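Notes follow once the structure below has been shown.
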Amino acid sequence: MPEFADLLRALNSESVRYVVVGGLAMILHGSTYVTFDLDLAISADDSSSAAMVRALAPLHPFPPQLGSASNFVWDERSFQTAVVELITDAGQIDILRIVPGVDSFDGLWERSEVRKLSGLDVRVACIDDLIAMKSAANRAKDRDHIRQLQILRSLNQS
């Protein structure tokens with residue numbers, strides 16, 4: 001089982017500006033969905049990339065297609081794409097620098113909710129933003145997730 005708390009603790013220690021999205025965000029809103037990776041949106045600015053590099057370096061990150069960290073240099077150049085997929089000592093993490101379906105990272109951040117996870121304060125995308133992101137992706141599993149999120153939203157409004 002991935003150690004999401006270890007990943008989030010590392011990010012918090014370097015003051016990375018992130019918002020939890022994807023499966024863990026659904027779980028933190030009450031979904032029974034099971035996930036094995038941590039999906040995060042981060043600001044696309046250089047300071048966020050540098051902080052992310054510092055935070056994850058002790059966890060030996062590498063892209064899954066390489067199979068190990070032995071031939072991978074983890075630095076700011078690792079953030080040349082909109083989505084960065086990494087395996088770390090604490091589990092898999094997918095880092096989104098561009099978040100389809102929402103207006104901007106800053107908007108996502110402002111609308112996010114602070115939740116406790118293993119004693120850590122983490123920012124979690126609001127349900128409306130999760131629905132917007134899932135709608136933009138429009139995969140079969142996302143359509144199922146949208147239905148779950150709509151139910152959770154209606155329960156929260158009751």
Side-chain angles (χ1 to χ4, degrees), residues 1-12 14-45 47-49 51-53 55-56 59 61-66 78-158:
M1 184 69 175
E3 297 295 331
F4 297 140
D6 291 346
L7 286 163
L8 295 167
R9 189 172 296 105
L11 300 176
N12 287 0
E14 291 294 337
S15 301
V16 175
R17 274 184 24 127
Y18 67 88
V19 176
V20 176
V21 298
L24 183 59
M26 289 178 57
I27 292 166
L28 291 172
H29 282 293
S31 173
T32 58
Y33 179 73
V34 176
T35 187
F36 297 98
D37 68 347
L38 176 61
D39 299 311
L40 300 175
I42 68 164
S43 175
D45 62 48
S47 64
S48 290
S49 297
M52 183 67 80
V53 167
L56 294 183
L59 299 174
F62 64 91
Q65 63 271 22
L66 290 185
S78 303
F79 290 97
Q80 299 299 313
T81 59
V83 178
V84 180
E85 296 178 44
L86 298 167
I87 302 293
T88 74
D89 293 347
Q92 183 172 336
I93 183 170
D94 295 340
I95 303 163
L96 291 74
R97 293 176 43 110
I98 297 173
V99 188
V102 297
D103 54 351
S104 66
F105 174 81
D106 289 331
L108 180 68
W109 174 271
E110 290 301 319
R111 292 182 297 274
S112 68
E113 304 167 12
V114 176
R115 299 285 176 101
K116 286 280 188 195
L117 180 67
S118 297
L120 301 169
D121 286 335
V122 297
R123 285 201 170 261
V124 179
C126 69
I127 289 178
D128 287 340
D129 281 340
L130 289 171
I131 290 171
M133 288 180 268
K134 298 286 186 181
S135 295
N138 198 31
R139 300 170 297 186
K141 73 175 187 175
D142 293 311
R143 290 188 290 276
D144 289 337
H145 294 168
I146 289 168
R147 285 189 284 280
Q148 289 180 38
L149 289 164
Q150 289 169 332
I151 291 167
L152 289 169
R153 180 175 57 194
S154 68
L155 290 171
N156 289 336
Q157 293 172 348
S158 302

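Computed from a predicted structure; not experimentally measured.
For the pair Ile95/Leu56, a side-chain contact is recorded, criterion being any heavy-atom separation below 4.5 Å from C-beta on. Between Asp6 and Leu8, the closest side-chain pair of non-hydrogen atoms is not below 4.5 Å. Using a 4.5 Å heavy-atom threshold, the side chains of Phe105 and Asp45 count as separate. Leu28 has its side chain out of reach of Glu113: every pair of non-hydrogen atoms, C-beta onward, lies at least 4.5 Å apart. Counting heavy atoms from C-beta outward, Leu96 and Leu40 have side chains that stay 4.5 Å or more apart. The shortest distance between side-chain heavy atoms of Val124 and Ser112 does not fall below 4.5 Å. Side-chain contact check for Ile93 versus Thr88: some heavy-atom pair is nearer than 4.5 Å. Annotation: side chain of Met26 is not in contact with side chain of Thr35 (no heavy-atom distance under 4.5 Å).
A salt bridge does not link Asp144 with Lys141: every distance from a Lys NZ or Arg NE/NH1/NH2 to an Asp or Glu carboxylate oxygen is 4.0 Å or more.
Atom CZ of Phe4 sits about 5.5 Å away from atom CG of Leu24, to the nearest 0.5 Å. Between atom CG of residue Asp128 and atom CD of residue Gln150 there is a gap of 10.0 Å, rounded to the nearest 0.5 Å. Between Leu149 atom CG and Arg153 atom CZ the span is 8.5 Å, to the nearest 0.5 Å. Expressed to the nearest 0.5 Å, how far CD of Glu3 lies from CG of Leu38 amounts to 12.0 Å. One finds the CH2 atom of Trp109 at 14.0 Å from the CG atom of Asp129 (value rounded to the nearest 0.5 Å). Remark: Ile127 CD1 to Ile151 CD1 distance equals 11.0 Å, nearest 0.5 Å.
Closest heavy-atom contact between Leu86 and Pro63: CD2-N, 4.0 Å. When all heavy atoms of Ala55 and Val16 are compared, the pair lying nearest together is CB-CG2, 4.3 Å. Here the shortest heavy-atom pairing between Val20 and Ala25 reads O-CB, 3.5 Å. The two residues Leu130 and Gly22 come nearest to each other via the heavy atoms CD2-N, 3.8 Å. The two atoms that bring Val21 and Ala125 nearest to each other are CG1-CB, 3.9 Å, heavy atoms only.
In this structure, Asn12 contributes its side chain and Asp121 its backbone to a donor-acceptor pair below 3.5 Å. Not one N or O on the side chain of Arg17 forms a donor-acceptor pair closer than 3.5 Å with the backbone of Ile42. At least one donor-acceptor pair closer than 3.5 Å links the side chain of Asn156 to the backbone N or O of Leu152. Side chain of Ser48 to backbone of Ala44: no donor-acceptor contact under 3.5 angstrom is found.
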Check the pair Arg115 / His29 against side-chain contact (heavy atoms from CB on, under 4.5 Å), numbers first and verdict last. CA-CA 9 Å; Arg115 299 285 176 101; His29 282 293; 3.3 Å; yes
Going through the checks in order, is the side-chain contact (heavy atoms from CB on, under 4.5 Å) test met by Ser135 and Ile146? CA-CA 7 Å; Ser135 295; Ile146 289 168; 3.4 Å; yes
Step by step, work out the side-chain contact (heavy atoms from CB on, under 4.5 Å) result for Val19 and Arg111. CA-CA 10 Å; Val19 176; Arg111 292 182 297 274; over 6 Å; no
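Partners of Tyr33 by ring pair (Phe, Tyr, Trp, His ring centres under 6.0 Å), not counting sequence neighbours, listed by chain and number: His145.
For Arg9 and Ser118, the side-chain atoms include no donor-acceptor pair closer than 3.5 Å.
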